[in-house]
Amino acid sequence: MDSTTIKSSPIDGQKPGTSGLRKSVVVFQKKHYTENFVQSIFSAIGTDVVTGSTLVVGGDGRYFMTEAVELITRIAAANGVGKLLIGQNGILSTPAVSCIIRKRSATGGIILTASHNPGGPNGDFGIKYNISNGGPAPESVTNKIFECTKTITEYKTCPTLDVDISSTGIKEYQVDGKKFVVEIIDSVSDYVEYMKKIFNFSELKAYLSNPTKPFKIVADAMHGVVGPYATRIFCDELGLPIDICINCIPKNDFGGHHPDPNLTYAADLVTLMKKGIHAFGAAFDGDGDRNMILGQNGFFVNPSDSIAVIAANASCIPYFKNTGVKGLARSMPTSGALDRVAIKDGLQMFEVPTGWKFFGNLMDANQLSLCGEESFGTGSDHIREKDGLWAVLAWLSILASRKLTIEEIMKEHWSKYGRNFFTRYDYENVDTEAAQTMMTNLRQLVEEPKFVGRSYTEGSKSYIVKLGDDFEYQDPIDKSIAMKQGLRIIFEDGSRIIFRLSGTGSSGATIRLYVDSFEENVQFHGVMASEMLKPLVAIALRISQLEQLTGRQSPTVIT
Ligand code: G16
């Protein structure tokens, strides 16, 4: 078979966001749109690296994924890639891609997902490039990809190449006189094998199916990619009945819902948990990297707390018994709960911008073991992506070993480390100009010379500004600098108000307002976060004039 070259020209707006390029399906379906971006990935990586390379390809099963796998296969072959490892039917969760890249020493991978964004013909699609450590490409690479999209004049493809991705096995082709191999792999096996090395499955099995005191769990895959992984782990490996896995048949439109594991979009699971039948509930997003943990009666574990609890109980997880805990990290808007664990347990702590890609260098340098984000991302250095099922297995390991309920674990944690209250308000699909105006005004405010020391009062509560800035991060390993990563207002009592524009939305702007405060006194630990943070939220809305500028009287999602 011979490759050919197709003339093309740059298409605006192909800048990767927080995690790859995410747009609506109809945009990806436009002439040359997907081809241009995929060719730009190969051009950015460079012929030296691409020639003869091995790449992993897979995605969360959303609408347009199969077409994209076909396009990528043809463009990869024409660009001289040596081998593609593709998940059967194109299916691979994001954590599985990271695991496979590392296990099979691949050059990188292309993940087809828009994560928690809705799918279907009118939903979103996305393409993300991961590098050889298994993690999302750093900004140095994504910037290069973007530059290539701005100058592209043609792409290479092999239009006659047809690969059947429905059954596992190895297929060899000759493209331009060179060998091109496609291996269709079982989507689940490598990942599940790895989980069995990290956790003690026989202990978990005994705990979950204890005949005298069975521990009832429910796992909601929200019709995303996690379904087959969850059923393999919970049913085939841990011996639980199939009905503990709900919404576990992947659908290309996620059943018409947002596959986003939070209190709003996973409301059915919350309702089910409130019935009090199950001791543990978990939900996952479209591509399986996010998770939400709920206890009996719908007790919600805030993601910022979740990673702190896992860090404080890491000794319950066999993997960390072997590796030890090297350091902890969180994204800037995530509450400081993890910091409290680092201080008490004498561990190194890092604060990075939003985006899992910022954890990779620290992990590669052996300085970071456990990290998390408020955006329902929890993970460790076992791979270089956040990992929803890993987080669930981590929690189950802790519960099995501590023999406490989720609520008891949380309360014990707060009494030892103090409680960080956290809330996030999302205003989705806001007018972009209005959002920009709000951010510009706020930036001017926090940069005013007299901003520090200013006092804000709401009801009986007053807060004095200790610091105001636009968060900037220098990577401790490669010294690269990421600027303008979120506007921070930090008060003297440690409470914070943060504003950011999301980098994962596909239309308009999504404003994120993050608010957190710390309370040592156990007497207040039972107060609802919404109550505790009410004055700070009111101050944030007042300072930003969010409601006046955007016309939004309430957020789309509250966490
Ligand atoms: C991605 C990133 C996360 C980030 C999240 C939200 O997650 O990997 O690190 O926290 O987006 O980002 P933003 O606030 O910019 O929307 P995912 O699960 O969408 O791939």
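Order of listing sets the numbers, starting from 1, for every ligand and every atom in it.
- With respect to Thr113, the side chain to side chain contact (heavy atoms under 4.5 Å, CB included) criterion is satisfied by exactly one of Val97, Asp285, Asp287: Asp287.
- Numbered from 1 in the order shown, with element, the atoms of ligand 1 that lie under 4.0 Å from a heavy atom of Ser115 read 17 (P), 18 (O), 19 (O), 20 (O).
- Contacts between Ser502 and ligand 1, counted as non-hydrogen atom pairs separated by less than 4.0 Å, involve both the backbone and the side chain.
- Applying the side-chain contact (heavy atoms from CB on, under 4.5 Å) criterion to Thr54, with sequence neighbours excluded, gives Lys83, Leu85, Ala106.
- Residue contact annotation: Gly355 has a non-hydrogen atom under 4.0 Å from ligand 1.
- Salt-bridge annotation for Asp470 and Arg443: present, with a side-chain N of the basic residue lying under 4.0 Å from a carboxylate O of the acidic one.
- The residue from Asp285, Thr354, Asp289 that puts a heavy atom closest to atom 4 (C) of ligand 1 is Thr354.
- Among protein heavy atoms, atom 11 (O) of ligand 1 sits closest to Thr504 CG2, 3.3 Å.
- Contacts of Arg500 with ligand 1, taken as heavy-atom pairs under 4.0 Å, involve the side chain alone.
- Taking every non-hydrogen atom of His116 and a distance limit under 4.0 Å, the qualifying atoms of ligand 1 come out as 19 (O).
- Under a 4.0 Å N-O distance rule, the pair Glu351/Arg330 qualifies as a salt bridge.
- Ranked by closest heavy atom to atom 20 (O) of ligand 1, the top entry among Arg22, Lys128, Arg512, Arg290 is Arg22.
- Every atom of ligand 1 is numbered from 1 in the order shown, and the set under 4.0 Å from a heavy atom of Glu373 is 3 (C), 4 (C), 9 (O), 10 (O).
- Of all atoms in ligand 1, numbered sequentially from 1 with element shown, those under 4.0 Å from a heavy atom of Ser375 are 4 (C), 5 (C), 10 (O).
- Residues satisfying the salt bridge (Lys or Arg N to Asp or Glu O under 4.0 Å) test with Glu70, not counting sequence neighbours, are Arg74.
- Comment: Lys144 does not engage Glu147 in a salt bridge, judged by the lack of any side-chain N to carboxylate O separation of less than 4.0 angstrom.
- When the options Lys386, Glu374, Glu385 are ranked by their closest heavy atom to atom 1 (C) of ligand 1, first place goes to Lys386.
- One finds a salt bridge joining Arg496 and Asp516 here, because a Lys/Arg side-chain nitrogen approaches an Asp/Glu carboxylate oxygen to under 4.0 Å.
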**OP:** Given side chain to side chain contact (heavy atoms under 4.5 Å, CB included), test Phe376 with Asp289 step by step and report yes or no.
**Re:** CA-CA 9 Å; Phe376 295 85; Asp289 55 0; over 6 Å; no

